[in-house]
Engineer: 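Structure provided below as structure tokens; questions to follow.
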Protein chains: 2
Amino acid sequence: MTMKRQPIREYISLATVAARAGVSVSTVSRIVNGEMRRASPATVARVLDAIEAVGYRPNPVGRALQRGQSQLVAMIAANLDNPAMATIASSTEAALREAGYVMVLCDTHDRPELQDEYLYAMRAQMVCGYVLVAAVPSRGLSELSASGAPTVFVSRRNPVGNGPFVGIDDCAAGAAVADYFANLGRRVPAVVFPRLGSSASRDRVSGFLAKLRERGWSDKAIIQADGEGRSHLQVGYNAGARIFGGSDTPDSILCVSDQIAYGVNRRALERGLKIPGDCDIVSIDGTPLNQWVAPWLKSIEIPYAVYGAEIVAGLQLIWRGESFGERLLPYKFG
Amino acid sequence: MTMKRQPIREYISLATVAARAGVSVSTVSRIVNGEMRRASPATVARVLDAIEAVGYRPNPVGRALQRGQSQLVAMIAANLDNPAMATIASSTEAALREAGYVMVLCDTHDRPELQDEYLYAMRAQMVCGYVLVAAVPSRGLSELSASGAPTVFVSRRNPVGNGPFVGIDDCAAGAAVADYFANLGRRVPAVVFPRLGSSASRDRVSGFLAKLRERGWSDKAIIQADGEGRSHLQVGYNAGARIFGGSDTPDSILCVSDQIAYGVNRRALERGLKIPGDCDIVSIDGTPLNQWVAPWLKSIEIPYAVYGAEIVAGLQLIWRGESFGERLLPYKFG
DNA sequence: GACAACTTGGCAAACGTTTGCCAAAGATGT
DNA sequence: ACATCTTTGGCAAACGTTTGCCAAGTTGTC
């Protein structure tokens with residue numbers, strides 16, 4: 001009944017090399033790992049030749065078992081369909097490969113149960129590190145947090161504690177947009193954000209509001225619209241209905257993500273508004289795609305393409321036992 | 001100098017369970033693997049309890065080493081920044097997880113050397129299957145092809161042989177667009193495609209051309225523009241310069257991908273053309289994002305979100321030793 | 001009462017790697 | 001000549017799993 005699984009092929013192992021070079025497996029292992037002083041130059045040369053001749057590559061599985069840790073790094077991301085996360089995934093993958101690691105990608109669709117399932121599965125895989133992009137609170141995350149496993153949080157801070165973080169200064173970004181609107185002479189600003197916000201969303205909104213207050217706005221003069229939806233596109237579209245349906249129509253809108261801006265814009269078009277013109281929209285994300293499909297959108301540009309390098313640098317610090325608090329990357333605006 | 005790596009934690013192994021249940025490791029192993037007849041009901045119950053009590057999960061690394069094959073599936077994709085591929089990656093990841101596998105994601109940026117590097121690295125990881133999305137010809141791919149390892153090609157057919165394929169009927173899709181233009185009474189059709197084409201691009205173009213010929217167009221009456229660029233956005237933008245700069249301006253354009261359409265559209269806007277109106281653009285891809293950011297674009301909609309399920313179904317057929325030629329999924333148009 | 005057949009479960013080898021420890025041989029110092 | 005140290009390299013255990021084989025114990029049949 002049950003299929004018997006056959007190995008796909010015989011692998012070239014240390015034993016193969018050892019036999020060919022006429023030495024023991026341990027000697028080859030040490031040379032492979034760069035312990036050149038443990039063998040005479042003649043032996044080293046012989047072994048190196050044999051490695052070359054048979055095309056040996058260390059088997060990561062055997063190594064993982066012995067070391068109790070694989071060369072796999074788990075990236076657990078909330079939603080790959082979001083181009084920003086796709087870019088983070090892509091750049092992290094490239095940086096990890098360069099450093100000799102292999103990335104496992106897990107898409108949680110923002111669901112805590114799925115996040116936990118992945119967290120447990122990855123622990124079983126003996127991964128040597130975790131990259132959590134926009135993590136949600138969950139039991140498994142608390143355990144991970146407590147276990148002290150090498151972890152870097154990206155975009156959203158650790159929702160159940162603290163830990164190394166790579167992102168931008170969200171508060172400052174929100175404030176920058178507020179300044180921009182104020183300097184432009186806008187009178188009726190609005191801000192759109194998801195109802196179930198993350199630390200990032202909250203900070204962007206509060207930075208925006210704080211700066212506007214500083215520049216003379218009263219709280220009720222600022223339109224705040226949260227939207228619901230499983231994607232930020234929906235969030236923006238839903239919030240747009242309320243923004244453009246109220247008594248005051250805003251002349252300037254901050255959307256905390258590109259996708260929200262797309263949703264708001266669609267609603268605006270349906271209502272016959274001109275963007276920009278009747279109303280300016282600014283978003284925070286600024287993926288390159290905007291230049292192609294949303295030239296009407298001005299953005300705070302987050303350097304997602306360099307996130308990967310920062311994330312891997314952070315992991316390497318942690319692996320070396322050094323500390324890594326947070327790395328706030330500069331954004332571009334205007 | 002060199003850091004000594006410490007295992008993150010002690011893992012709960014078969015030995016832990018065996019000690020607690022008072023049986024041998026082999027007995028536990030057999031029960032974990034569902035061989036219930038090899039032990040008395042009483043023993044089985046005791047072992048199951050122990051498993052529950054200590055929270056045992058099989059270690060995939062040990063298993064992989066013993067079986068000569070891991071539960072990892074390699075997805076090697078040409079360009080994650082393309083939303084279509086991101087959707088394929090996402091849906092495949094979900095389907096694999098459901099089937100108990102773990103996906104490793106590799107982004108080759110369309111570069112053969114990188115594709116080879118990944119192919120070799122994944123072989124060393126003892127992956128149990130390969131999903132190649134938009135593969136490019138390379139030495140390693142030929143070797144993989146020859147080795148008979150379980151492989152599914154997606155979107156683009158195997159460029160160095162043949163093998164299981166998941167995609168759409170590209171030829172028919174191109175023809176459908178041709179019919180659409182003809183029925184609409186368009187006179188000056190154009191087609192835009194990347195200079196370095198894949199089987200998919202070529203088939204879409206040739207299907208389009210063949211149908212137009214069938215409906216009375218001469219070859220020179222059809223504008224064909226190939227574009228260069230590292231992304232399809234660039235391809236479209238570059239080809240757009242030639243299309244809109246020639247003597248004949250087309251009244252209808254087929255772009256073989258969404259991203260090319262974005263590029264063409266940008267060029268059209270720069271030239272002051274109205275889309276649609278002066279010129280219809282139709283693309284092949286039809287990602288959901290279009291509805292939000294490119295309402296001007298009509299598309300053949302490829303069901304990327306269900307690719308994952310088909311890919312995994314294909315892999316499972318292959319693992320079972322059954323054959324799996326190709327699966328052409330239905331697309332939606334209009 | 002003898003013998004076969006089945007049930008139940010353990011032993012041990014194997015997968016590929018790493019590494020602590022030991023042994024042989026050569027080099028150096030007295 | 002002897003003690004000590006260094007160089008060179010192998011042995012064997014360990015990581016967690018699977019599985020062929022064997023050894024008891026139980027049951028059934030004549």
Side-chain angles (χ1 to χ4, degrees), chain A residues 2-19 21-47 50-51 54-71 123-126 128, chain B residues 2-19 21-47 50-51 54-71 123-126 128:
Chain A
T2 59
M3 281 291 300
K4 192 180 240 168
R5 258 167 280 235
Q6 290 294 341
I8 297 304
R9 64 193 297 293
E10 286 130 29
Y11 289 85
I12 295 157
S13 72
L14 285 179
T16 321
V17 177
V23 296
S24 78
V25 168
S26 10
T27 301
V28 181
S29 170
R30 284 191 258 255
I31 290 174
V32 166
N33 289 5
E35 273 194 63
M36 295 308 193
R37 281 166 239 251
R38 287 302 308 271
S40 67
T43 309
V44 170
R46 207 143 32 90
V47 169
I51 287 174
V54 303
Y56 170 76
R57 289 176 72 110
N59 182 322
V61 178
R63 184 175 281 182
L65 187 55
Q66 148 67 28
R67 292 206 185 147
Q69 194 168 284
S70 71
Q71 295 285 94
R123 184 156 60 96
Q125 291 283 347
M126 300 176 147
C128 59
Chain B
T2 60
M3 282 289 302
K4 193 182 234 162
R5 257 168 279 233
Q6 289 295 339
I8 296 302
R9 67 194 294 294
E10 286 131 28
Y11 289 86
I12 295 157
S13 73
L14 285 178
T16 322
V17 177
V23 296
S24 78
V25 167
S26 10
T27 301
V28 182
S29 171
R30 285 193 257 255
I31 289 174
V32 167
N33 289 4
E35 272 195 63
M36 294 309 191
R37 280 166 240 249
R38 287 302 308 271
S40 67
T43 309
V44 170
R46 206 146 31 90
V47 169
I51 287 174
V54 302
Y56 170 76
R57 290 176 70 111
N59 181 322
V61 178
R63 185 175 280 183
L65 186 55
Q66 147 67 27
R67 296 223 246 243
Q69 192 168 286
S70 72
Q71 295 284 95
R123 183 155 62 97
Q125 291 283 349
M126 300 175 147
C128 60

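The chains referred to below are lettered A, B, ... by the order of the sequence lines, with proteins before strands, and numbering in each begins at 1.
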Engineer: In chain order, what residues pass the side-chain contact (heavy atoms from CB on, under 4.5 Å) check against Val44(B), with sequence neighbours excluded?
Structural biologist: Ile31(B), Met36(B), Ala39(B), Leu48(B)

Engineer: So which atom in Pro60(A) and which in Ala124(B) form the shortest heavy-atom distance, rounded to 0.1 Å?
Structural biologist: CD-O, 3.1 Å

Engineer: Just the rounded figure in Å: distance from P of dT19(D) to CD of Glu35(B).
Structural biologist: 8 Å

Engineer: So, do Tyr11(B) and Thr16(B) sit near enough that their side-chain heavy atoms are less than 4.5 Å apart?
Structural biologist: no

Engineer: List for me each residue that meets side-chain hydrogen bond (donor to acceptor under 3.5 Å, both in side chains) alongside Ser24(B), sequence neighbours excluded, and say none if there are none.
Structural biologist: Ser26(B), Thr27(B)

Engineer: Taking atom C1' of dT17(C) as reference, at what distance in whole Å does atom CE of Met126(B) sit?
Structural biologist: 11 Å

Engineer: Taking the side chain of Arg63(A) as heavy atoms from C-beta outward, which of dT18(D), dT18(C), dG16(D) is closest to it?
Structural biologist: dT18(C)

Engineer: Who pairs with Ser29(A) by side-chain hydrogen bond (donor to acceptor under 3.5 Å, both in side chains), at least two apart in sequence or on another chain?
Structural biologist: none

Engineer: Which residues pass the side-chain contact (heavy atoms from CB on, under 4.5 Å) test with Ala19(B), not counting sequence neighbours?
Structural biologist: none

Engineer: Calculate the interatomic distance between Leu65(B) atom CG and dT19(D) atom P; express it in whole Å.
Structural biologist: 13 Å

Engineer: Whether Asn59(B) contacts dC15(D) is assessed here as follows: a side-chain N or O lying under 4.0 Å from the phosphate OP1 or OP2. Is that the case?
Structural biologist: no

Engineer: Atom CD1 of Ile31(A) and atom P of dT19(C): how far apart are they, to the nearest Å?
Structural biologist: 15 Å

Engineer: Apply side-chain contact (heavy atoms from CB on, under 4.5 Å) to Val25(B) and list each qualifying residue two or more places apart in sequence or on a separate chain.
Structural biologist: Leu14(B), Ala15(B), Ala18(B)

Engineer: If I take atom CD from residue Gln71(A) and atom CE from residue Met126(A), how far apart are they, to the nearest 0.5 angstrom?
Structural biologist: 13.0 Å

Engineer: Examine dA14(D): is either OP1 or OP2 under 4.0 Å from a nitrogen or oxygen in the side chain of Tyr11(B)? Give yes or no.
Structural biologist: no

Engineer: In whole angstrom, give the distance that lies between atom CZ of Arg37(B) and atom C1' of dG9(C).
Structural biologist: 17 Å

Engineer: Does Arg63(B) reach the side chain of Leu65(A), with side-chain heavy atoms less than 4.5 Å apart?
Structural biologist: no

Engineer: For nucleotides 9-12 of chain D, print each protein N/O atom paired with a nucleotide N/O atom at under 3.5 Å, atom names and distance only.
Structural biologist:
unit_1: dG9(D); atom_1: OP1; unit_2: Thr43(A); atom_2: OG1; d: 2.5
unit_1: dG9(D); atom_1: OP2; unit_2: Ser40(A); atom_2: N; d: 2.7
unit_1: dG9(D); atom_1: OP2; unit_2: Thr43(A); atom_2: OG1; d: 3.1
unit_1: dG9(D); atom_1: N7; unit_2: Arg38(A); atom_2: NH2; d: 2.7
unit_1: dG9(D); atom_1: O6; unit_2: Arg38(A); atom_2: NH2; d: 2.7
unit_1: dG10(D); atom_1: OP2; unit_2: Ser24(A); atom_2: N; d: 2.7
unit_1: dG10(D); atom_1: OP2; unit_2: Ser24(A); atom_2: OG; d: 2.8
unit_1: dG10(D); atom_1: OP2; unit_2: Thr27(A); atom_2: OG1; d: 2.6
unit_1: dG10(D); atom_1: N7; unit_2: Arg30(A); atom_2: NH2; d: 3.4
unit_1: dG10(D); atom_1: O6; unit_2: Arg30(A); atom_2: NH2; d: 2.4
unit_1: dC11(D); atom_1: N4; unit_2: Ser26(A); atom_2: OG; d: 3.0

Engineer: What is the distance, rounded to the nearest whole Å, between atom CG of Asn33(B) and atom P of dG9(C)?
Structural biologist: 17 Å

Engineer: Without decimals, in angstroms, what is the distance between Arg67(B) CZ and dC15(D) P?
Structural biologist: 21 Å

Engineer: Just report the end-to-end axis angle for the helix from dG1(C)-dC30(D) to dT30(C)-dA1(D), five pairs per end, to 10 degrees.
Structural biologist: 60°

Engineer: What is the distance from CD of Gln66(B) to C1' of dA14(D), rounded to the nearest Å?
Structural biologist: 16 Å

